[in-house]
S.K.: 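One structure is given below, represented as structure tokens, and several questions about it will come after.
Below, each value reflects all heavy atoms present in this structure, side chains not excepted, and no hydrogens, waters or symmetry copies. Read the numbers this way: they start at 1 and go in the same order the structure lists the ligands and their atoms. Everything quoted here is computed from the prediction, not taken from an experiment.
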Amino acid sequence: MYLLIPAAGSGRRMGSDRNKLLLPLLGKPLLAWTLLAARESKSIRWVGLVGQPVDFPDFKEIINAVGMSKMVHLIPGGSTRQESVYLGLQNLPVVAERVLIHDGARCLVTPGLLDRCVEAIQTCPGLIAAIPVKDTIKIVDSTSHLVSQTPARENLWAAQTPQAFVVEELMRCHTQGRADNLEVTDDAALFEHYGQPVKIVEGEETNLKITTPLDLAIAEFILRQRLNKTL
Ligand code: C5P
């Protein structure tokens with residue numbers, strides 16, 4: 001399986017002036033933990049790491065330190081996640097039929113979840129890892145700040161990555177999305193918009209997206225628990 005890792009973001013919401021994926025988490029850069037999960041996956045053979053070229057020297061060091069046995073290709077990213085994934089797709093080998101996309105910022109993903117998504121994408125055109133939401137979600141008017149709707153919680157799932165797709169279909173959706181000036185925050189949204197079915201694979205509650213300093217503290221706690229269990 002071919003894996004694309006969008007890793008070309010910044011550290012703005014983390015309050016950092018560098019890519020947040022370079023921040024330390026339990027003695028390793030955040031990105032190292034994501035790559036470790038990819039290294040341990042049984043089904044991933046090729047990794048495309050999409051980043052800003054300014055970060056490539058650090059990325060190379062991390063790849064070496066992790067001891068990646070699979071091929072890792074550095075791909076220059078864009079100014080949005082959508083653009084970075086589009087550029088990643090352009091750089092997939094032509095023989096790639098299916099692709100797994102996993103955000104570098106979800107560094108607590110397990111190899112098991114990556115492999116479950118790889119297995120599930122063999123029999124459907126698109127899928128996302130997702131978990132049922134625990135909170136009651138409100139739709140709020142952006143100007144009046146008044147609640148306009150409360151969707152039924154049993155229908156609400158929080159989308160995570162990995163997301164996986166048939167490459168040809170996803171490329172078509174990305175190209176059409178660019179032509180239509182559609183801005184989305186995940187690839188599944190493009191797929192859905194153009195009428196393609198997206199299946200759910202049960203994700204993991206610990207598969208957090210590291211966005212703020214609090215997320216980093218929670219991630220450290222979860223990793224310590226995991227490492228203690230394996231000692
Ligand atoms: O900023 P956020 O955490 O939502 O980004 C999700 C993922 O997309 C991160 O792994 C980030 O590095 C990546 N990204 C990207 N290119 C951008 C912005 C974000 O690859 N221009």
S.K.: Within the structure provided, determine whether Gln90 and Met171 are in side-chain contact (heavy-atom separation under 4.5 Å).
M.R.: yes
S.K.: Nearest protein heavy-atom contact for atom 16 (N) of ligand 1: which residue, which atom, what distance?
M.R.: Ser84 OG, 2.7 Å
S.K.: Does ligand 1 have a heavy atom under 4.0 Å from the side chain of Ser79, from its backbone, from both, or from neither?
M.R.: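 Within the 4.0 Å criterion, Ser79 contacts ligand 1 through backbone atoms alone.
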S.K.: Between the candidates Arg81, Arg13, Met14, Arg12, which shows the shortest non-hydrogen contact distance to atom 1 (O) of ligand 1?
M.R.: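 Shortest heavy-atom distance from atom 1 (O) of ligand 1: Arg13.
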S.K.: Any side-chain heavy atom of Ile62 within less than 4.5 Å of one from Leu21?
M.R.: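 Sidechains of Leu21 and Ile62: no contact.
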S.K.: Using a 4.0 Å heavy-atom cut-off, which part of Ala8 comes near ligand 1: side chain, backbone, both, or neither?
M.R.: both
S.K.: Hey, does Ser10 have a side-chain heavy atom less than 4.5 Å from the side chain of Lys20?
M.R.: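 Of all side-chain heavy-atom pairs linking Ser10 with Lys20, none is under 4.5 Å.
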S.K.: Decide if atom CD of Glu97 counts as having more than 12 heavy atoms of other residues, nucleotides or ligands within a radius under 6.0 Å.
M.R.: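 Open.
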S.K.: Which atoms of ligand 1 sit under 4.0 Å from any heavy atom of Lys209?
M.R.: 2 (P), 3 (O), 4 (O)
S.K.: So do Gln163 and Asp186 actually touch side chain to side chain, heavy atoms under 4.5 Å?
M.R.: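 A side-chain contact exists here, since the closest heavy-atom pair is under 4.5 Å.
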S.K.: Looking only at N/O atoms, are Gly104 and ligand 1 under 3.5 Å apart anywhere?
M.R.: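 Right, the criterion is met.
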S.K.: Tell me which protein heavy atom sits closest to atom 21 (N) of ligand 1, plus the residue, atom name and distance to 0.1 Å.
M.R.: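 It is Gly78 O, 3.0 Å.
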S.K.: Is any side-chain heavy atom of His73 less than 4.5 Å from a side-chain heavy atom of Asn91?
M.R.: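 In short, these two side chains do not touch, never coming nearer than 4.5 Å.
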S.K.: Taking a cutoff of less than 4.0 Å between a non-hydrogen atom of the residue and any ligand atom, is Thr80 in contact with ligand 1?
M.R.: yes
S.K.: Can you tell me the protein heavy atom closest to atom 19 (C) of ligand 1 and the distance?
M.R.: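 Closest protein heavy atom to atom 19 (C) of ligand 1: Gly9 CA, 3.5 Å.
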S.K.: Looking at Lys42, I'd like to know if its NZ atom is crowded, meaning that more than 12 non-hydrogen atoms belonging to other residues, nucleotides or ligands lie closer than 6.0 Å.
M.R.: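 Result for NZ/Lys42: open.
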S.K.: Which of the atoms of ligand 1 are close to Lys20, meaning less than 4.0 Å from one of its heavy atoms?
M.R.: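 Result: 1 (O), 2 (P), 3 (O).
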S.K.: Does a side-chain N-to-carboxylate-O contact under 4.0 Å join Arg116 and Glu119?
M.R.: no
S.K.: Are Gly77 and ligand 1 in contact, using a heavy-atom cut-off of under 4.0 Å?
M.R.: no
S.K.: Is there a side-chain contact between Pro162 and Asn207, using heavy atoms and a 4.5 Å cut-off?
M.R.: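 A side-chain contact under 4.5 Å exists here.
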S.K.: Purely on distance, is any nitrogen or oxygen of Ala105 under 3.5 Å from one on ligand 1?
M.R.: yes
S.K.: Is there a protein heavy atom at a distance of less than 4.0 Å from atom 5 (O) of ligand 1?
M.R.: no
S.K.: Around atom 7 (C) of ligand 1, find the nearest protein heavy atom and jot down its residue, atom name and distance.
M.R.: Asp103 CG, 3.5 Å
S.K.: Would Asp55 and Arg18 pass as an ion pair if we require N to O under 4.0 Å?
M.R.: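 Salt bridge between Asp55 and Arg18, a charged N being under 4.0 Å from a carboxylate O: yes.
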S.K.: Quick test: of every protein heavy atom, which one is nearest to atom 10 (O) of ligand 1, and how far off is it to 0.1 Å?
M.R.: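 The answer is Pro6 O, 2.8 Å.
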